[in-house]
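Encoded as C-alpha cells, the structure appears first; notes follow it.
Just so it is clear: chains get the letters A, B, ... in the order the sequence lines come, proteins before strands, and each one is counted from 1.
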There are 2 protein chains.
Amino acid sequence: MEQAIQEILKRNRLSVTDSRVKILELFLSQAGALAHGDIEKKTGEKFDRVTVYRTLQVFLGKGIIHTIPTADNSIRYALCRENCAEGHHHDNHVHFVCSDCGNTTCLDDITIPQIQLPTGYQTQQVEMLVSGICRECKS
Amino acid sequence: MEQAIQEILKRNRLSVTDSRVKILELFLSQAGALAHGDIEKKTGEKFDRVTVYRTLQVFLGKGIIHTIPTADNSIRYALCRENCAEGHHHDNHVHFVCSDCGNTTCLDDITIPQIQLPTGYQTQQVEMLVSGICRECKS
DNA sequence: AAATATTTTGCAACAAAGTTGCATCTTCCT
DNA sequence: AGGAAGATGCAACTTTGTTGCAAAATATTT
Ligand SMILES: [Mn+2]
Ligand SMILES: [Mn+2]
Ligand SMILES: [Zn+2]
Ligand SMILES: [Zn+2]
C-alpha cells in the first residue's frame, strides 16, 4: 500500500507528507466514503483539524478524491478511480448510504442512467444517491 | 396566496404564526429551493435564527417541504406537492442545480429512473441531482 | 369577550464546523 | 548539505447549528 500511496502523490506532483500519506491510507484501507469528521477521529490527535481540511481540498482539486452529496449536511469523500484527473472526473456511478450503519459506498459498477431534461437545460454532471440497507446490515 | 398558506397550516394542524406564514410565502412566491441561509437573508431581521431552524424542522416533519441533498454542505428545501404527508413523501423527481445562478429547482415532471442494485442491497429512497446550466442562464 | 391552556418565539449561552494569516517546520531539489 | 518552495500547526475568528427557559402569541374553553 505504501507503494500505491507514493505513486498517487508523485503522479499528482504533491510532496509526500505524513498527513497526506496517513489520510490516503485511510481511504485505501476501507471501501466506504469518509466525512471530514471521520478522518479527524480515525487519525486521532495526530494532525491539526486545519491540515485535514487543507489536505482534502488538495486531493479534491487534483481529482484524487470526489465528493458525495448528502441530505444531512456532511459531505463525504471517496477515492476516484484510476482515470480521474485534475479537471476530468469520471465518477458517474451510484452512491449508496446505509441508513443502518451509516456507511456510504461507491457502487462503481452501477452506471447512472441517462435522463431527458426539459428543453433549455444543459447537463454538466449527474449524481445519484440511494439510501437503504446495505449488504452487511441486511441480517 | 394568503388563502393557500392558511390552508396548508390548517391541514397540518399547525398554529398560524407570523414566521410560518412568512416562510411559506417565500416558498410559494418563487419556484426554486431555499437553503436555511437564503431564508434568513430574505426575511431580513424579522425572525430569530432559531425560529427559522425550528420552522423548517416542523415543515419537514409534516411533509410540507422536502430536503434536497447537495455537495456543498448546505441542505436546500423545497415545497412538497399536494400529495405528500407526514410519513409519506412522493418526491421522487429530479433536482437541478444551476452552476451559473446557483438556483436549485425541482423538475417535478422528470421521474427518477429505476436502477438495479447489486444483490443484498435494499433500496429505501433514491435521489437524483443534476448540475448544469438552467433555462434562464442559457443565454 | 375573557380567561386559560397550549404553542411558539427570542434570547442567551453554548458547541461544532469551517476559514485565514503567519511563523515554523518539512520536503524536495541541486 | 544548503536553500527554496511548500506544508503544517497554532491562534484567532466567523459561521452554523443546538438547547433551556422565560416571555409572548395563538388556540381553546368558558
Ligand atoms: Mn464514488
Ligand atoms: Mn423537489
Ligand atoms: Zn449498513
Ligand atoms: Zn441558472
What is the ring orientation for A:H36 with A:Y53, classed by angle as parallel under 30°, tilted 30 to 60°, or perpendicular over 60°?
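If you compare the ring of A:H36 with that of A:Y53, the planes turn out parallel.
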
Answer yes when A:K138 and A:D100 have at least one side-chain N-carboxylate O distance shorter than 4.0 Å, and no when they do not.
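Salt bridge: no.
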
Should [X] and [Y] be regarded as members of a common hydrophobic cluster, given that ILVMFWY residues are connected when their side-chain heavy atoms come within less than 4.5 Å of each other, either directly or indirectly?
X: A:L28; Y: A:L14; value: yes
X: A:V52; Y: A:I65; value: yes
X: A:V97; Y: A:I133; value: no

So, A:T51 side chain and A:F47 main chain: donor-acceptor pair closer than 3.5 Å or not?
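No; judged by distance alone, with no hydrogens or angles, the pair does not exist.
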
Heavy atoms only, 4.0 Å cut-off, all strands: where does A:R49 land among base, sugar-phosphate and nothing?
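Touches a base.
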
Min side-chain heavy-atom separation A:I112-A:H93 under 4.5 Å
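Of all side-chain heavy-atom pairs linking A:H93 with A:I112, none is under 4.5 Å.
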
Contact between B:Y77 and B:L60 at the side-chain level, heavy atoms closer than 4.5 Å - yes or no?
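They are in side-chain contact.
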
[X] [atom1] to [N] [atom2], straight-line distance once rounded to whole Å:
X: A:L56; N: C:dG18; atom1: CG; atom2: P; answer: 10 Å
X: B:D72; N: C:dT19; atom1: CG; atom2: C1'; answer: 16 Å
X: B:I23; N: C:dT8; atom1: CD1; atom2: C1'; answer: 12 Å
X: B:N73; N: C:dA16; atom1: CG; atom2: P; answer: 17 Å
X: A:K41; N: C:dA17; atom1: NZ; atom2: P; answer: 7 Å

Using five pairs at either end of the helix from C:dA1-D:dT30 to C:dT30-D:dA1, determine the angle between the two local helix axes and round it to 10 degrees.
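Taking the rotation axis at each end, their angle is 30°.
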
Could you go over nucleotides 21-29 of chain C and give all protein N or O partners under 3.5 Å, atom names and distances?
unit_1	atom_1	unit_2	atom_2	d
C:dC28	OP1	A:V16	N	2.7

Under 4.0 Å from a heavy atom of chain B: give me the 5'-most and 3'-most nucleotides of DNA chain D that qualify.
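With heavy atoms of chain B under 4.0 Å away, the range is D:dT16 to D:dA27.
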
Please check if the number of heavy atoms outside B:Q3 that lie under 6.0 Å from its CD is greater than 12.
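No - once you tally the heavy atoms of other residues, nucleotides and ligands closer than 6.0 Å, there are 12 at most.
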
Looking at A:Q116, I want to see if its CD is surrounded by more than 12 non-hydrogen atoms of other residues, nucleotides or ligands under 6.0 Å.
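No, because the 6.0 Å sphere around CD of A:Q116 holds 12 heavy atoms or fewer from other groups.
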
With A:M128, the side chain to side chain contact (heavy atoms under 4.5 Å, CB included) member among B:I115, B:V130, B:L129:
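That would be B:I115; it is the only one of B:I115, B:V130, B:L129 passing the side chain to side chain contact (heavy atoms under 4.5 Å, CB included) with A:M128.
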
Taking for each residue the nucleotide of DNA chain C bearing the nearest heavy atom, is the 5' side occupied by A:H36 or by B:D48?
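Result: B:D48.
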
